[in-house]
J.: 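Structure incoming, see below.
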Amino acid sequence: MDLIYLYCVTNRVPQPKDDGCGVYSLNHQGLYAVLSKVSEDEFGEENLKKNLRNLEWLKIKAYRHEKVIEEVMKDGCVVPFKLATLFITEDSLKAMLKEHAEELRGNLENLEEKDEWGVKIYCDVERLKKISLIDDKEILRMDKEISSSALGPGKAFLLKKKREKLLNDLIDKKIEETVQEFLTGLKQQSLRTRFNRSLPRDVTERMDDMILNAAFLVEQDKLSAFIREIEILKNQYYEGTGFLFDCTGPWPPYNFC
Amino acid sequence: MDNTVTSSKDVALVEILDRVLDKGVVISGDIVISVAGVDLIYLGLRTLLSSMETMERLRDSPIAGPMQEPT
């Protein structure tokens, strides 16, 4: 038996690409649900649970989900749904649309001509430490004292600990200032911001640490100002400074529905 | 990694999974799945997937000893 897979809802007639995967739409009072039929073998509850734990399967489905929505987004505003939102019949889908019509319309109205942009900032803490050491007189003074033979081992140990703490505090402060500067600049050029959990290294597969994971809602006709702000910040904070950032978009407004 | 603005074409899997699994509208369809899948991202996809597979194998094995957390 086929199930109905929901990608997104839009307020303009979608023109889905004929990619052989059978994307079609259903209209409920001006709300268009973008759908495709999927097999119960893949998406029935038991098999779905299994499949969700299969990275290869998940990869394919996630890319597909995103591509379909991006295609629809070219023609108008979308409310993107989470992966694997499924219905048994078109009637139950329509019932859902009816029940949530006001909410969906509200979302579509609020998101009209706006896009989501993602910004992540990474920090190479070791590099930042090295850079900070050059400037900080207090730490340099401590280093001199530690390496001088005048101190006994006990005192040297304590001083080393103190120095570590000082350095860490300095780094924390620098990170905080950088993030704040970024946010101040970008918030001015966007309508809404959403902060998400920073992802750990085993997920990012990077050697540095994610220190900011944010989404911004940007008006399409103000996009160039937003990008300009990114460029300004990029020039100030380039790789040599211990910070790196990544800006991606436009995304369907997953973070703002 | 480049500092420039990147188009969605080159985007990492993590970016997409983060959005389609964890963000977006949540309206229960007819199939309600406990999206334990969402935690996959935050715990490290590959690590968790392989440890879950290992655990299932241990559970099903007739000669399995006491359940041990895979390292």
Side-chain angles (χ1 to χ4, degrees), chain A residues 3-4 6 8-9 43-45 48-49 52-55 58-59 61-63 65-66 70 79-89 92-93 96 100 104 107 118 122 196-197 199-200 202-206 213 215 227 230-231 234 238-239 244-252 254-255 257, chain B residues 1-64 66-71:
Chain A
L3 295 168
I4 297 164
L6 173 64
C8 60
V9 168
F43 286 93
E45 191 165 342
L48 183 59
K49 276 191 211 159
L52 282 172
R53 292 205 233 123
N54 177 339
L55 187 56
L58 195 57
K59 216 160 130 172
K61 299 306 170 185
Y63 272 113
H65 189 89
E66 176 60 21
E70 281 182 8
V79 170
F81 277 71
K82 218 159 160 162
L83 184 113
T85 305
L86 298 151
F87 297 85
I88 293 175
T89 62
S92 63
L93 169 73
M96 183 283 287
H100 295 275
L104 289 167
N107 264 320
Y122 300 89
N196 292 313
R197 242 194 292 187
L199 305 176
D202 59 355
V203 173
T204 64
E205 296 179 339
R206 292 177 63 98
N213 183 6
I227 299 294
I230 296 269
E231 293 294 316
K234 182 182 86 165
Y238 50 92
E239 192 171 346
L244 214 101
F245 61 88
D246 182 32
C247 175
T248 57
W251 289 97
Y254 289 97
N255 278 283
C257 292
Chain B
M1 186 176 274
D2 207 324
N3 266 14
T4 53
V5 174
T6 54
S7 78
S8 59
K9 278 201 198 103
D10 311 323
V11 157
L13 177 63
V14 158
E15 291 276 358
I16 292 178
L17 285 176
D18 191 26
R19 286 177 170 81
V20 308
L21 281 182
D22 193 35
K23 313 288 180 315
V25 172
V26 182
I27 276 175
S28 293
D30 292 335
I31 309 277
V32 180
I33 44 165
S34 66
V35 198
V38 167
D39 290 340
L40 287 175
I41 294 187
Y42 300 107
L43 295 172
L45 286 163
R46 283 174 183 79
T47 321
L48 183 65
L49 284 172
S50 66
S51 65
M52 279 178 99
E53 278 158 13
T54 310
M55 281 177 79
E56 285 192 9
R57 255 193 310 224
L58 286 174
R59 208 175 4 239
D60 292 335
S61 162
I63 52 167
M67 267 291 274
Q68 276 178 339
E69 274 300 307
T71 45

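Each chain gets a letter, A, B and so on, in the order the sequences are listed, and its residues count up from 1.
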J.: To the nearest 0.5 Å, what is the distance between CD1 on B:Ile16 and CG on A:Leu58?
T.: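 So the CD1 of B:Ile16 and the CG of A:Leu58 are separated by 11.0 Å.
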J.: Roughly how far apart are A:Asn213 CG and B:Glu15 CD, rounded to 0.5 Å?
T.: 7.5 Å
J.: Find the distance between CG (A:Asn196) and NZ (B:Lys23) and round it off to the nearest 0.5 Å.
T.: 4.0 Å
J.: Quick check for you: among A:His100, A:Lys61, A:His65, which has the greatest number of heavy-atom pairs under 4.5 Å with chain B?
T.: A:His100
J.: Is any side-chain heavy atom of B:Val25 less than 4.5 Å from a side-chain heavy atom of A:Thr85?
T.: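 No. Closest side-chain heavy atoms not under 4.5 Å.
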J.: Side-chain contact test, heavy atoms from C-beta onward, threshold under 4.5 Å: evaluate it for A:Asn255 versus B:Arg19 and give yes or no.
T.: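 A side-chain contact exists here, since the closest heavy-atom pair is under 4.5 Å.
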